[in-house]
Number of protein chains: 2
Amino acid sequence: MHPPADYEQMLRESDLRVTRPRVAVLAAVHRHPHADTETVIAAAREDLDDVSHQAVYDVLRALTAAGLVRRIQPSGALARYEARVGDNHHHVVCRSCGTIADVDCAVGHVPCLTASDDHGFTIDEAEVVYWGLCPACSNPPDQHHPDQHQPARQGQPVGRKRETDDRQQ
Amino acid sequence: MHPPADYEQMLRESDLRVTRPRVAVLAAVHRHPHADTETVIAAAREDLDDVSHQAVYDVLRALTAAGLVRRIQPSGALARYEARVGDNHHHVVCRSCGTIADVDCAVGHVPCLTASDDHGFTIDEAEVVYWGLCPACSNPPDQHHPDQHQPARQGQPVGRKRETDDRQQ
DNA sequence: AACGGTTCTTGAATCATTCAAGAAAGTGCG
DNA sequence: CGCACTTTCTTGAATGATTCAAGAACCGTT
């Protein structure tokens with residue numbers, strides 16, 4: 001998506017030291033939008049065989065603090081990261097399979113930043129999460145997802161990787 | 001806030017068995033809006049000395065599924081519960097101390113339910129979280145909160161109870 | 001090239017939440 | 001009212017994403 005040099009420059013422009021774990025993680029997040037940490041670790045290891053998971057956690061935190069990536073964490077789901085930053089876009093989350101898609105702000109730019117009554121808070125960001133069912137989960141053409149098509153009243157997104165265990169914390 | 005009988009009736013109307021843990025937890029959530037699980041457990045035990053934490057977890061799940069309480073979980077924070085349901089209101093969260101306040105929908109009723117491009121998703125809910133600083137944290141009149149008044153660029157809300165440890169998961 | 005501070009590696013700990021199995025309690029029925 | 005059936009609660013242990021800690025390796029600078 002970008003040549004490695006670009007990632008190095010992004011890091012330098014944010015006053016972050018350029019290290020191989022950082023370049024690998026930044027590239028991984030660019031390659032896999034909305035990936036959870038486990039996926040980012042795996043993707044980073046494609047570039048850098050033996051990055052420790054701890055390094056990835058540290059890097060994700062540094063990149064997030066620097067604004068190079070954005071951390072999103074829909075209610076009840078694991079943390080996910082994306083590289084599209086600075087444009088105040090939002091997300092749709094599938095209640096059934098947990099898939100996330102980007103949604104541009106519906107109400108104009110720097111939108112809903114005006115709450116009806118802000119209770120004296122100094123608001124600097126409005127985060128919108130749309131909940132629903134993705135195309136695949138809302139019209140089950142064949143039996144691919146046998147038993148997960150009753151959208152629970154207050155259902156939480158279920159995991160994607162593990163087959164038998166969708167514990168969440 | 002309500003006489004116990006009201007809670008019993010709410011439960012029955014939702015086809016839930018009326019048990020003492022359920023009444024205690026429902027009352028606790030009504031008494032403590034936006035409380036995390038630990039707080040709900042403590043509050044429930046005011047009414048019912050020795051409810052197990054597991055029972056509270058079970059009850060909160062049942063109440064949430066029934067729509068009697070709503071579970072909210074701002075990015076990076078612990079799960080919290082509130083009894084105000086069915087009116088699609090939103091929340092402001094203080095980045096510094098984690099305080100949550102209610103905010104009525106800014107853009108009319110059943111609002112932002114129209115995403116600009118829904119990617120084929122069937123959207124049934126739009127959840128809005130406003131991030132910022134609460135009055136107490138944004139104008140520090142005295143030195144009550146010595147070192148937590150630099151709103152980190154992507155800061156997460158910090159815990160409220162523990163003094164030395166604000167780990168979050 | 002060496003220094004000093006930052007970042008990585010390795011390995012262990014944390015803790016909210018969940019799982020499991022048996023006991024207790026709630027509800028409908030005779 | 002008391003029984004049977006099912007759901008819910010109690011007790012106690014497990015889970016697993018994330019964090020902590022200490023020392024080694026690395027980055028940018030003097």
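The figures that follow rest on heavy atoms only: side chains count, while hydrogens, waters and symmetry mates do not. Just so we're on the same page: letters track the sequence lines, and every chain starts at 1.
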Checklist entry - When you measure from every atom of DNA chain D, which of residues 50-58 of chain A have a heavy atom less than 4.0 Å away? => result A:His53, A:Gln54, A:Tyr57
Checklist entry - How close or far is atom P of D:dT18 from atom CZ of A:Arg80, stated in whole angstroms? => result 11 Å
Checklist entry - Starting at CD of B:Glu38 and ending at P of C:dT14, how long is that distance when rounded to a whole Å? => result 17 Å
Next on the checklist: Closer than 3.5 angstrom, by distance alone: can the side chain of B:Arg80 be matched with the main-chain N or O of B:His34 as a donor-acceptor pair?
Outcome noted: yes
Checklist entry - Shortest non-hydrogen contact from B:Val85 to B:Gly67? => result CG2-O, 3.4 Å
Next on the checklist: Measure CG/A:Leu78 against P/D:dT19 and give the value in whole Å, please.
Outcome noted: 12 Å
Item to check | Interatomic distance, B:Ile41 CD1 vs C:dC15 P [rounded to whole Å] | outcome: 15 Å
Checklist entry - How long is the line joining CG of A:Leu60 and P of D:dA17, in whole Å? => result 15 Å
Next on the checklist: Can you list everything that forms a side-chain hydrogen bond (donor to acceptor under 3.5 Å, both in side chains) with B:Asp87? Sequence neighbours excluded, please.
Outcome noted: B:Arg84, B:His89
Checklist entry - Any side-chain donor paired with an acceptor under 3.5 Å for B:His91 and B:Glu82? => result yes
Checklist outcome for this item: To the nearest angstrom, the CD-P distance between A:Gln73 and D:dT18 comes to 7 Å
Checklist entry - Got a donor-acceptor contact below 3.5 angstrom from the A:Arg45 side chain to the A:Val51 backbone? => result yes
Checklist outcome for this item: So OG1 of B:Thr37 and CG of B:Leu78: to nearest 0.5 Å the spacing works out to 7.0 Å
Would you tabulate the side-chain donor-acceptor contacts of residues 23-30 of chain A under 3.5 Å, counting partners in other chains and residues two or more places apart, or write 'none'?
none

Checklist outcome for this item: Taken to the nearest whole Å, CG/B:Asp15 to P/C:dG26 is 17 Å
Item to check | Distance test, side-chain N/O of A:Arg61 to OP1/OP2 of D:dT19, below 4.0 Å | outcome: yes
Checklist entry - Which atom pair, heavy atoms only, marks the closest approach of A:Tyr130 to A:Val103? => result CE1-CG1, 3.9 Å
Checklist entry - Under the salt bridge (charged side-chain N to carboxylate O under 4.0 Å, His left out) rule, what pairs show up with a residue in residues 16-26 of chain B, not counting sequence neighbours? => result none
Next on the checklist: Using a heavy-atom cut-off of 4.0 Å across all strands, would you classify B:Ala79 as base, sugar-phosphate, or nothing?
Outcome noted: sugar-phosphate
Item to check | Closest-nucleotide ordering on DNA chain D, the 5'-leading residue of B:Leu16 and A:Thr37 | outcome: B:Leu16
Checklist entry - Starting at CG of B:Leu48 and ending at C1' of C:dA24, how long is that distance when rounded to a whole Å? => result 13 Å
Checklist entry - When the C1' atoms of the five terminal pairs at each end define the local axes, what inter-axis angle does the helix from C:dA1-D:dT30 to C:dG30-D:dC1 show, to 10 degrees? => result 30°
Next on the checklist: I need the residues from residues 17-35 of chain A with at least one non-hydrogen atom less than 4.0 Å from DNA chain D; give them sorted by number, or say none.
Outcome noted: A:Arg17, A:Val18, A:Thr19
Next on the checklist: Minimum heavy-atom separation for B:Gln73 and A:Gly76, please, with both atom names.
Outcome noted: OE1-N, 2.8 Å
Checklist entry - Taking atom CG of A:Asp124 and atom CH2 of B:Trp131, what is their separation to the nearest 0.5 Å? => result 10.0 Å
